[in-house]
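All values below were derived from every heavy atom in this structure, side-chain atoms included, with hydrogens, water molecules and symmetry-related copies excluded.
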Amino acid sequence: MIEIYSQNIDDVWFSIAFEKQQIITSSFGVNRQLTLSNILRNLPFNVSFEFFHEPSVFARSILASLKDIYDGKGIDSNFPLALNRLPAYTQKTLKTTAKIPLGYLASYGSIAKAVGGSPRAVGNVMASNPFAPIIPCHRVVKSDFTLGGYGGGLKVKLELLSREKRGFSSSTEVEVNGHMLQVFPVEYSLGRLCLN
DNA sequence: TGCAAACCATAAC
DNA sequence: GTTATGGTTTGCA
């Protein structure tokens, strides 16, 4: 039985689906319906679910953490994400994306170099990220540091990145399965103020 | 700048 | 099996 919880915090809706203490999917946005339909889209077809109006204590703490991420605060906890049902490449790409540190960016292409496949394949994984904003797909941008796309709209992507600004001035590297993934300060994208 | 071609994992037929 | 679809990238005019 999958449990679904939804909560409005400071005019933003946060939703999560749990099964056995694992997060099946998460979503957020100003529109409650949209947020919930994102949740429903990512549920496995053969498991029943139930919607709860009042979040449990456990759910409430996770939802509060989502809000912290939304606000650009660092979070120390590791979420129990249910990655297992996803295709192998999708899992690998999501795990790699999760390693982009707060305050930094990576490009679709550089992630592709680390996990294999092509930049477009990486873009596809980002577009269907079931764990927004826990897996920080908003930190993935085009190779020229323009924003690329975002499920919740480019405005939201820009706002998230603005709040994650930490004043770093040079790129650094993180290790992902043997490769080094180069990451750049979010300021590189913010400086480009490109909106469509 | 702008455009065409290559790119490659998924999902939908 | 096959095709269609992208949150891309690169090269070339």
Side-chain angles (χ1 to χ4, degrees), chain A residues 12-15 17 24-31 34-47 66 69-70 72 81-165 171 173-174 176-196:
Chain A
V12 181
W13 286 96
F14 297 90
S15 302
I24 305 294
T25 180
S26 61
S27 181
F28 73 100
V30 289
N31 182 337
L34 222 54
T35 305
L36 278 176
S37 66
N38 281 335
I39 292 289
L40 294 178
R41 176 176 325 132
N42 288 308
L43 294 186
F45 65 92
N46 56 346
V47 184
L66 293 199
I69 295 173
Y70 178 85
L81 304 179
L83 289 159
N84 298 323
R85 343 180 180 255
L86 303 172
Y89 181 79
T90 303
Q91 289 187 38
K92 196 162 42 155
T93 304
L94 290 178
K95 283 179 190 165
T96 298
T97 304
K99 293 193 176 170
I100 305 171
L102 179 73
Y104 289 96
L105 306 164
S107 72
Y108 300 97
S110 64
I111 292 182
K113 263 189 276 182
V115 302
S118 74
R120 302 202 73 175
V122 171
N124 283 332
V125 173
M126 295 305 119
S128 59
N129 175 22
F131 302 108
I134 302 172
I135 303 268
C137 59
H138 57 276
R139 295 179 194 155
V140 184
V141 299
K142 289 200 188 185
S143 57
D144 63 359
F145 293 110
T146 56
L147 285 185
Y150 195 64
L154 286 185
K155 184 164 172 277
V156 175
K157 186 170 185 172
L158 184 64
E159 289 168 351
L160 279 171
L161 291 177
S162 302
R163 290 191 291 268
E164 294 191 345
K165 195 166 33 169
S171 69
E173 294 182 328
V174 293
V176 294
N177 65 301
H179 296 77
M180 293 311 273
L181 174 69
Q182 194 173 17
V183 294
F184 303 88
V186 293
E187 280 83 351
Y188 285 25
S189 276
L190 298 178
R192 301 202 132 239
L193 51 100
C194 132
L195 279 176
N196 315 7

### Query
Expressed in angstrom and rounded to an integer, what is the separation of R120(A) atom CZ from dA4(B) atom C1'?
12 Å
### Query
So does T90(A) get a side-chain nitrogen or oxygen closer than 4.0 Å to the phosphate oxygens (OP1/OP2) of dT10(B)?
yes
### Query
Do V174(A) and I100(A) have side-chain heavy atoms sitting under 4.5 Å apart?
no
### Query
For dC8(B), what is the paired nucleotide under Watson-Crick or G-U wobble rules, both distances under 3.5 Å?
dG6(C)
### Query
What nucleotide, of dT8(C), dT10(B), dG7(C), holds the atom closest to the side chain of V140(A)?
dG7(C)
### Query
V122(A) versus Y89(A): any side-chain heavy-atom pair under 4.5 Å?
yes
### Query
Taking CG from N124(A) and P from dC7(B), how many angstroms apart are they, rounded to a whole number?
16 Å
### Query
L160(A) CG to dG7(C) P: how many Å, rounded?
18 Å
### Message
Please confirm whether the shortest side-chain N or O distance from S143(A) to OP1 or OP2 of dT8(C) is below 4.0 Å.
### Response
no
### Query
For V140(A), which of T97(A), N129(A), L105(A) qualifies under side-chain contact (heavy atoms from CB on, under 4.5 Å)?
T97(A)
### Task
Rounded off to whole Å, could you give me the CD-to-P distance for the Q91(A) and dA9(B) pair?
15 Å
### Touch class at under 4.0 angstrom, heavy-atom based, for S107(A) against every strand present
sugar-phosphate
#### Entry: Candidates dC8(B), dA11(B), dG7(C) - which lies nearest the side chain of Y150(A)
dG7(C)
### Query
Can you find a pair of side-chain heavy atoms, one from V141(A) and one from Y188(A), that are under 4.5 Å apart?
no
### Query
K113(A) has an atom NZ; how far is it from atom C1' of dC7(B), in whole Å?
14 Å
### Query
Can you tell me how far P of dA11(B) sits from OH of Y89(A), to the nearest Å?
13 Å
### Check: dG7(C) base within 3.5 Å donor-acceptor of Y108(A) side chain
yes
### Task
Ignoring the backbone of C137(A), work out which of dG7(C), dC7(B), dT10(B) is nearest its side chain.
dG7(C)
## Note on the structure
K157(A) NZ to dG7(C) C1', in whole Å, measures 6 Å
### Whether Y150(A) and F28(A) hold their rings parallel, tilted or perpendicular, with breakpoints at 30° and 60°
tilted
### Query
Between I111(A) (CD1) and dC7(B) (P), how many Å, whole number?
21 Å
